[in-house]
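Here is the structure we will look at.
As the structure is a prediction and not an experimental result, all values here were calculated from the model. In what follows, every chain begins at residue 1, and chains take the letters A, B, ... in the order their sequences are listed.
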Amino acid sequence: MTDFPKLLRVLARGGVEFIVVGGAAATAHGASRLTIDLDVVYHRSRDNIRSLVAALAPYDPYLRGAPPGLPFRWEDSVIHRGLNFTLTTAIGELDLLGEITGGGTYEDLVAHAVRLELYGIECLCLGLERLIHVKRAAGRPKDFEGIAELEAILEERRRMS
Amino acid sequence: MHTRESPLEPDPVIEAYKRDVDRTLIRQHLRLTVEQRFDALMRLQEFAEELRRAGEQAQQRPQPPPRPPQ
């Protein structure tokens with residue numbers, strides 16, 4: 001099971017620049033669908049990658065679904081050479097994304113993020129409208145129900161305000 | 001930080017899916033704090049995990065033969 005509070009605290013207290021996206025962002029906005037991993041878009045700067053590697057190192061990140069014994073090492077150079085990583089850690093499933101379809105990089109998304117305060121930390125989460133844009137742009141049929149729910153949330157929020 | 005987004009054009013496929021969305025559940029969730037929403041997600045994860053475990057266990061147990069019709 002993914003320990004969302006702990007993963008968020010580890011990243012935020014480690015000084016990592018990241019934006020919560022995907023199903024966890026949908027949860028933050030009020031969606032009720034089950035998601036099992038935390039998806040974040042991380043800033044690809046050298047300093048941020050260093051912070052990311054240091055913050056997660058105690059939790060043994062490894063490539064999710066990969067056979068044990070692969071020569072995967074959790075270090076800065078590996079993150080520099082790759083872009084998106086689907087990881088399993090001692091505190092849950094974490095997708096580290098350098099870029100997302102229809103949304104781009106951290107720099108592209110940061111202006112569309114909202115600040116969340118939860119579990120004693122602050123972090124950025126992709127805003128509801130941009131999240132819908134991104135999911136629409138990805139065009140995956142499996143997302144249609146989720147997009148419908150997010151658009152209904154947007155309508156309900158506007159109705160309530 | 002938060003840039004105003006251009007309005008979304010309705011998509012007929014999504015509009016069709018939207019008819020089945022449970023808005024009572026959405027209103028209930030919108031009354032929660034963000035932290036409470038994540039807590040609810042984790043309870044749902046625990047429940048899904050327990051169901052998966054019980055399902056696997058049931059598969060391994062010999063099942064009784066179906067009852068003959070009355």
I'd like to know if the side chain of A:Asp143 reaches the main chain of A:Arg136, judged simply by a donor and an acceptor atom lying under 3.5 Å from each other, with no hydrogens or angles considered. no
Flag the one option from B:Leu30, B:Val13, B:Asp22 with the top tally of heavy-atom pairs under 4.5 Å to chain A. B:Leu30
Heavy-atom contact with chain A under 4.5 Å, split by part of B:Asp39: both
Contact class of B:Gln45 relative to chain A, heavy atoms under 4.5 angstrom: both
Where does A:Leu116 contact chain B at under 4.5 Å (heavy atoms): side chain, backbone, both or neither? side chain
Where on A:Arg157 is there a heavy atom nearer than 4.5 Å to chain B: the side chain, the backbone, both, or neither? both
Under-4.0 Å salt bridge between A:Glu156 and A:Arg159: yes
Please identify, among B:Val21, B:Leu32, B:Leu8, B:Asp20, the residue contributing the most non-hydrogen atom pairs under 4.5 Å to chain A. B:Leu8
Any idea which of B:Ile14, B:Val34, B:Asp11 has the most non-hydrogen atom pairs under 4.5 angstrom with chain A? B:Ile14
Which is it for B:Thr33 and B:Glu35 under the side chain to side chain donor-acceptor pair (under 3.5 Å) test, yes or no, and what are the steps along the way? CA-CA 5 Å; B:Thr33 65; B:Glu35 199 167 302; over 6 Å; no
Side chain to side chain, A:Val40 and A:Leu94, heavy atoms closer than 4.5 Å: yes
Residues in salt bridge (charged side-chain N to carboxylate O under 4.0 Å, His left out) contact with B:Arg31, at least two apart in sequence or another chain: none
Side chain / backbone / both / neither for A:Ala31 at chain B, heavy atoms under 4.5 Å: backbone
Most heavy-atom pairs under 4.5 angstrom with chain B, which of A:Glu149, A:Glu117, A:Arg33? A:Glu149
I need the residue from B:Gln36, B:Glu49, B:Met42, B:Arg19 with the largest number of non-hydrogen atom pairs under 4.5 Å to chain A. B:Met42
Are A:Asp37 and A:Arg64 close enough that some pair of their side-chain heavy atoms sits under 4.5 Å apart? yes
Residue among A:Leu8, A:Thr2, A:Leu154 with most heavy-atom pairs under 4.5 Å to chain B: A:Thr2
Under 30°, 30 to 60°, or over 60°: which ring-plane class applies to A:Phe72 and A:Tyr62, parallel, tilted or perpendicular? perpendicular
Is a donor on one side and an acceptor on the other found under 3.5 Å between the side chain of A:His29 and the backbone of A:Leu126? yes
Using non-hydrogen atoms and a 4.5 Å limit, figure out which bit of B:Arg27 sits close to chain A: side chain, backbone, both or neither. side chain
At a 4.5 Å cut-off on heavy atoms, which part of B:Glu15 comes close to chain A: side chain, backbone, both, or neither? side chain
Tell me, for B:Leu25 versus chain A, whether the close heavy atoms (under 4.5 Å) come from the side chain, the backbone, both or neither. side chain
May I ask you to test the B:Lys18-A:Glu155 pair for a side-chain heavy-atom distance under 4.5 Å? yes
